[in-house]
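Everything below concerns the one structure shown next.
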Amino acid sequence: MQQQMEKLLHFTDAVMKNAAQESDELRRQLADTRTKTLEKAREEAQEAARTYYDREAARIRAQAGREVSMHLMEGKRKIYLRRKEIGQEVFEKVRQRIAQYTASPEYPKHLEALLAAAMKQLPGARRVSLRLRKEDLPLADRLAKTIAPVKVEYEEGSFSLGGLALRCPELGLRVDCSFDNQLEELASHFAESFGLSVSDDEL
């Protein structure tokens with residue numbers, strides 16, 4: 001009987017040891033599985049976060065780019081409009097100064113000097129057509145005398161600010177010394193130097 005009890009205790013002890021070993025192994029496997037599962041979940045969460053961040057960053061960059069472009073275009077439009085206003089203001093003042101000058105006593109002398117300079121560009125001319133603005137036609141005879149014996153025909157020109165234009169049919173040449181033409185050339189240079197135009201590249 002004693003021997004059977006010892007065998008039973010020995011058997012029970014072996015079963016308990018085996019159960020403890022299996023329990024420890026299961027605990028290790030469970031801990032390992034838990035660690036691996038947590039690591040995988042962490043990696044997946046990081047990957048999802050990176051994907052979300054990249055997607056949101058791209059969306060924000062695109063939206064910011066559109067907003068910046070819109071602000072730039074609006075800024076350039078305002079600059080263009082202000083430049084245009086400044087150009088108009090400048091040339092309105094120029095026209096006023098020209099009007100004051102053409103009403104001054106010095107103006108007829110200036111027309112004579114313009115005519116002499118124009119004639120130098122028509123060497124050998126014996127007959128010319130002199131064009132003046134309507135207000136200056138009364139000065140035509142006075143001007144014609146300054147280039148005698150060249151024969152002068154005169155008529156109203158298509159310009160309005162002042163100055164004169166000469167045409168010589170025999171030479172096939174024309175010289176435009178009108179203030180209108182000079183102001184137009186000045187406006188072109190002014191626009192280039194002051195940047196009155198906005199190109200596609202600027203926008």
Euclidean distance, [Y] [atom2] relative to [X] [atom1], rounded to 0.5 Å:
X	Y	atom1	atom2	value
Ser178	Asp136	OG	CG	11.5 Å
Met119	Thr146	CE	OG1	9.0 Å
Asp180	Ser158	CG	OG	7.5 Å
Arg42	Thr37	CZ	OG1	11.0 Å
Ser129	Lys151	OG	NZ	15.0 Å

Discussion item. Which label fits Tyr101 and His110: parallel for a plane angle under 30°, tilted from 30 to 60°, or perpendicular past 60°?
Written reply: perpendicular
Worksheet item: With distance as the sole criterion, is a donor-acceptor pair present between the side chains of Glu25 and Gln29 under 3.5 Å?
Response: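 Their side chains do contain a donor-acceptor pair, which is all the 3.5 Å distance test asks for.
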Discussion item. Test side-chain contact (heavy atoms from CB on, under 4.5 Å) on Val152 and Arg127; report intermediate values, then the result.
Written reply: CA-CA 6 Å; Val152 179; Arg127 181 185 296 273; over 6 Å; no
What heavy-atom pair brings [X] and [Y] nearest, and what distance separates the two atoms?
X	Y	result
Arg133	Phe159	N-CE1, 3.5 Å
Leu171	Ala125	CD1-CB, 4.1 Å
Leu130	Leu164	CD1-CB, 4.0 Å

Does a side-chain heavy-atom distance below 4.5 Å link [X] with [Y]?
X	Y	answer
Glu92	Glu89	no
Arg131	Tyr154	no
Leu139	Leu137	no
Val128	Ile147	yes
Asp176	Arg174	yes
Arg59	Arg55	no
Pro108	Arg142	yes
Leu72	Ser69	no

Fill in: Salt bridge Glu47-Arg50, side-chain N to carboxylate O under 4.0 Å
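Arg50 and Glu47: salt-bridged.
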Discussion item. Less than 4.0 angstrom from a charged side-chain N to a carboxylate O is my criterion; do Lys36 and Asp32 meet it?
Written reply: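 Result for this pair is yes, salt bridge flagged.
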Worksheet item: Above 12 or not: heavy atoms from other molecules or residues under 6.0 Å from CZ of Arg97?
Response: no
Fill in: Glu184, CD atom: more than 12 neighbouring heavy atoms under 6.0 Å
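Atom CD in Glu184 is not crowded, with 12 or fewer foreign heavy atoms closer than 6.0 Å.
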Practice prompt. Assess whether side-chain contact (heavy atoms from CB on, under 4.5 Å) is satisfied between Leu173 and Leu166, documenting all intermediate values.
Written response: CA-CA 8 Å; Leu173 295 174; Leu166 268 185; over 6 Å; no
Item to complete: For the pair Tyr107 (side chain) and Gly163 (backbone), establish whether a donor and an acceptor sit closer than 3.5 Å, ignoring hydrogens and angles.
Response: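 Side chain of Tyr107 to backbone of Gly163: a pair is present.
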Worksheet entry | Expected output: side-chain Glu170 to main-chain Arg126 donor-acceptor under 3.5 Å |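 Checked: pair present.
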Item to complete: Could you walk me through whether Glu74 and Arg77 pass salt bridge (charged side-chain N to carboxylate O under 4.0 Å, His left out), step by step?
Response: CA-CA 5 Å; Glu74 179 62 17; Arg77 188 185 71 82; 2.9 Å; yes
